[in-house]
Protein chains: 4
Amino acid sequence: MSQEEIIAEKKKAIFASTLELVRENGFHGTPMSLVAKKAGVAAGTIYHYFESKDALIIALYSYLRGKMAEEMLRDDDQTLDYQTRFFNLWKKHFHYFLRHTDVLYFFEQFVNSPYYERCPEKGNDRCQNIIATFLNEGMEKGFLKQMNGKLMSILVNSSVVTSAKIHLTGKVEITETELQQVAQYVWDGIRNNQGF
Amino acid sequence: MSQEEIIAEKKKAIFASTLELVRENGFHGTPMSLVAKKAGVAAGTIYHYFESKDALIIALYSYLRGKMAEEMLRDDDQTLDYQTRFFNLWKKHFHYFLRHTDVLYFFEQFVNSPYYERCPEKGNDRCQNIIATFLNEGMEKGFLKQMNGKLMSILVNSSVVTSAKIHLTGKVEITETELQQVAQYVWDGIRNNQGF
Amino acid sequence: MSQEEIIAEKKKAIFASTLELVRENGFHGTPMSLVAKKAGVAAGTIYHYFESKDALIIALYSYLRGKMAEEMLRDDDQTLDYQTRFFNLWKKHFHYFLRHTDVLYFFEQFVNSPYYERCPEKGNDRCQNIIATFLNEGMEKGFLKQMNGKLMSILVNSSVVTSAKIHLTGKVEITETELQQVAQYVWDGIRNNQGF
Amino acid sequence: MSQEEIIAEKKKAIFASTLELVRENGFHGTPMSLVAKKAGVAAGTIYHYFESKDALIIALYSYLRGKMAEEMLRDDDQTLDYQTRFFNLWKKHFHYFLRHTDVLYFFEQFVNSPYYERCPEKGNDRCQNIIATFLNEGMEKGFLKQMNGKLMSILVNSSVVTSAKIHLTGKVEITETELQQVAQYVWDGIRNNQGF
DNA sequence: AATGAATGAGGGTTCATTCAT
DNA sequence: CATGAATGAACCCTCATTCAT
């Protein structure tokens with residue numbers, strides 16, 4: 001393993017440790033000493049990789065947004081019709097959160113905390129861009145209503161997050177039927193239905 | 001002023017102080033000493049009214065949910081047609097958050113923090129119930145799609161919150177046009193459009 | 001009830017409350033607020049009767065020493081022979097502590113705390129005097145060894161306290177046999193056995 | 001100095017600081033901040049070595065009991081006759097307290113405080129065992145009265161403690177004569193004097 | 001680069017005492 | 001006299017960060 005890979009591995013271990021602890025106990029309930037122990041490194045070591053606890057949290061956010069974006073780009077079959085691609089994308093996003101519940105909780109805590117203000121990618125990460133690009137395409141081609149792209153992408157994103165949270169908290173069981181209904185609700189909201 | 005009113009006043013002062021500070025600095029960045037100073041009481045006094053910092057935060061959440069619910073119930077003219085009432089309600093909710101931005105930020109931090117787990121009203125406060133009741137009525141009368149009432153009310157609620165946050169962060173300017181569009185997006189998503 | 005009696009009653013209630021709480025939780029674990037609540041008075045009221053917490057504790061000590069002395073004086077049949085009177089006295093003292101375990105615990109905490117230094121009756125209360133007087137009589141009449149009276153009375157007193165504590169902590173079960181043995185141990189230690 | 005020795009040194013410094021302060025001001029009058037300052041460490045450092053203030057106090061008790069036991073074992077010349085050994089042991093114990101008055105005060109505060117209840121070695125430390133063993137030997141060989149060993153050892157121990165406290169408070173001056181008298185008092189109390 | 005003991009400011013909380021009612 | 005809400009100093013403890021090894 002190269003030197004760089006070793007560093008990358010260690011960073012990942014610290015990220016993983018942080019993610020899990022924040023999910024369980026929140027930012028405040030996650031001391032650096034615990035992060036270190038769970039990551040299998042010394043407390044001081046973390047400070048070789050990250051300037052401060054804040055910097056670590058923010059870096060982790062960026063890292064996770066990037067990882068999610070990667071996965072969302074996979075398997076978008078552009079030969080399919082637009083509506084089908086929308087449903088695919090929406091559900092893929094939803095299921096990503098189901099598979100990575102700690103990521104979801106981390107995101108939600110993060111964007112609703114003072115950290116977010118200090119985050120350079122605030123609202124402009126690759127993930128949001130992917131959704132925005134796709135929706136803009138739909139507007140240009142007349143499949144979707146005309147609306148500020150950013151606005152629409154945030155609404156769509158929010159619908160995914162909300163649904164995943166509902167499912168995970170168990171407040172409402174989301175079966176395949178409900179899932180389809182929610183996706184349909186979003187689609188009905190944004191699709192161009194002029195003439196009806 | 002009666003003894004009870006004095007107590008109520010003091011509780012309100014503590015609530016107001018907490019609300020403002022949490023909005024600016026988050027839960028962790030809001031020491032009790034500051035809450036006390038801003039409320040014009042001694043640190044120890046807070047503990048006559050609330051068992052702990054956690055208890056204070058949770059009580060504040062309940063209090064604010066109740067206050068918002070009160071306001072949402074006002075002026076619902078039941079003689080109007082259902083769709084109009086929906087748009088009215090949605091916009092009223094939205095504007096409430098614009099007038100009370102610190103409440104919005106507080107809610108969002110709260111529901112995405114470990115506090116929420118320990119909150120007895122978790123997902124079952126009067127505010128959610130008002131929305132749910134209204135939507136259920138719409139489903140029964142055939143104005144809306146059939147969907148799990150809880151699910152739908154959370155989605156609608158989330159659309160309001162998301163819109164208000166977009167507006168307040170200034171990421172997208174929400175003019176009256178955009179506002180109408182978003183409300184329409186939600187309405188189109190939930191309205192019964194079978195036959196089209 | 002006269003005014004004075006009312007005051008006496010209230011003082012007694014405060015004393016009783018303090019005694020019980022100190023026994024359970026120690027001085028440090030006994031806040032004035034709890035003393036007040038258990039005594040059925042307001043916190044401020046205590047300060048009408050006692051200058052401070054320290055003063056209360058010290059007054060309680062004096063009060064209890066006096067009460068115990070009273071009881072020890074009762075039933076000392078001076079017509080009996082000296083040794084019998086000694087055994088009677090020793091056992092009476094012992095049983096007093098068994099009947100009033102909280103008094104015993106209070107005494108022991110008190111005399112081993114910094115409070116004791118500030119106690120005017122430090123080592124000179126009526127209770128010690130009764131014992132000392134009785135022992136001096138024994139020395140004068142030749143029943144007991146010659147020894148500094150104060151020293152002997154403290155040793156005897158300590159034997160009673162120690163025995164009672166052993167019994168109450170259950171470290172050693174003190175049956176009537178053991179009790180007799182201990183009293184005998186003390187008697188053999190102090191009695192004039194010259195000539196043997 | 002090895003790492004372990006450094007740790008041991010630091011623990012000792014904290015112990016010494018605590019011992020001195022508790023002696024002067026009692027447990028409650030001994031804040032951790034002072035313990036730290038007197039020990040020449042930061043407040044937080046203490047918590048690397050002890051879980052809490054309670055844990056520190058309890059650990060100190062165990063440590064001191066062990067130290068005292070060590071010293072008591074030294075120089076017990078088993079070739080001497082039993083009574084001489086008894087007097088030697090008793091006086092050695094007594095003088096240990098004179099040389100280490102803060103230890104005596106600490107012990108007495110400790111065993112009469114709620115801490116003692118939570119102490120794992122409660123009444124079963126090496127020090128008590130040494131005394132008990134010696135007394136049991138005396139009973140087996142017929143030098144001492146038959147009595148529950150635990151009971152007798154507590155009584156003897158208590159006589160030492162009481163004497164030392166008398167001496168140190170200056171209530172009674174204990175000269176070599178008085179010392180001999182007290183040791184004799186104990187010996188006369190426990191020795192087998194059947195036949196007289 | 002890695003360690004982890006040490007730091008010490010700052011946090012939440014308690015509680016003896018006061019004083020307006 | 002009695003009340004008990006209010007005070008605020010002082011407590012124990014945590015934890016982000018540093019630095020000698």
Side-chain angles (χ1 to χ4, degrees), chain A residues 3 6-7 10 27-37 39-57, chain B residues 3 6-7 10-11 14 27-37 39-57, chain C residues 3 6-7 10 27-37 39-57, chain D residues 3 6-7 10-11 14 27-37 39-57:
Chain A
Q3 190 60 23
I6 290 173
I7 290 177
K10 208 154 267 187
F27 294 129
H28 181 37
T30 300
M32 293 295 262
S33 54
L34 259 192
V35 171
K37 186 190 274 186
V41 300
T45 305
I46 300 181
Y47 289 85
H48 282 295
Y49 296 100
F50 305 98
E51 269 221 333
S52 65
K53 186 178 180 180
D54 283 24
L56 163 60
I57 300 280
Chain B
Q3 189 62 25
I6 290 173
I7 289 177
K10 206 151 274 185
K11 271 194 163 191
I14 294 168
F27 295 128
H28 180 39
T30 300
M32 293 297 261
S33 54
L34 261 191
V35 171
K37 186 187 277 185
V41 300
T45 304
I46 300 180
Y47 290 86
H48 279 294
Y49 296 99
F50 306 98
E51 272 219 331
S52 64
K53 186 178 180 180
D54 281 23
L56 164 59
I57 300 280
Chain C
Q3 190 61 22
I6 289 173
I7 289 177
K10 208 154 268 189
F27 295 129
H28 180 38
T30 300
M32 293 296 262
S33 54
L34 259 191
V35 171
K37 185 190 275 187
V41 301
T45 305
I46 299 180
Y47 289 85
H48 282 295
Y49 297 99
F50 305 97
E51 269 220 334
S52 64
K53 186 177 179 178
D54 283 23
L56 163 59
I57 300 281
Chain D
Q3 190 60 26
I6 290 173
I7 289 178
K10 206 151 273 184
K11 272 194 160 188
I14 295 168
F27 295 129
H28 180 38
T30 300
M32 292 297 260
S33 54
L34 260 191
V35 171
K37 186 188 276 186
V41 300
T45 304
I46 300 180
Y47 291 86
H48 279 296
Y49 296 99
F50 306 98
E51 273 218 332
S52 65
K53 187 178 179 178
D54 282 23
L56 164 60
I57 300 281

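Side chains included, hydrogens not; waters and symmetry mates left out as well; all remaining heavy atoms used. By convention in this document, chain letters (A, B, ...) are assigned in the order of the sequence lines, proteins followed by strands, and residues within each chain are numbered from 1.
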Sugar-phosphate only, base, or nothing, as touched by F50(A) at under 4.0 Å among non-hydrogen atoms: nothing
Chain B contact limits on DNA chain F, taken 5' to 3' with a cut-off of 4.0 angstrom to heavy atoms: dA5(F) to dG8(F)
Residue whose closest nucleotide on DNA chain F lies nearer the 5' end, E51(A) versus K10(C): K10(C)
Secondary-structure string, 5' to 3', Watson-Crick or G-U under 3.5 Å, | for another-strand partners, for DNA chain F: .||||||||||||||||||||
Euclidean distance, K11(D) NZ relative to I46(D) CD1, rounded to 0.5 Å: 12.5 Å
Residues forming a ring pair (Phe, Tyr, Trp, His ring centres under 6.0 Å) with H48(B), sequence neighbours excluded: none
Atom-to-atom span, NE2 of H28(C) to C1' of dT14(E) - whole angstrom: 9 Å
Nearest-nucleotide 5' precedence on DNA chain F, F27(D) against G29(A): F27(D)
Touch class at under 4.0 angstrom, heavy-atom based, for K37(C) against every strand present: nothing
Contact list for DNA chain F against residues 40-48 of chain D - heavy-atom distance below 4.0 Å: G44(D), Y47(D)
Residue whose closest nucleotide on DNA chain E lies nearer the 5' end, Y49(D) versus M32(C): Y49(D)
Qualifying residues under side chain to side chain contact (heavy atoms under 4.5 Å, CB included), relative to A43(C), sequence neighbours excluded: A36(C)
Name the atoms and distances for all side-chain donor-acceptor pairs under 3.5 Å in residues 49-56 of chain A, with sequence neighbours left out.
| residue | atom | partner | partner atom | Å |
| --- | --- | --- | --- | --- |
| S52(A) | OG | D54(A) | N | 3.4 |
| S52(A) | OG | A55(A) | N | 3.1 |
| K53(A) | NZ | F27(A) | O | 3.1 |
| K53(A) | NZ | T30(A) | O | 2.8 |
| D54(A) | OD2 | R118(A) | NH1 | 2.4 |

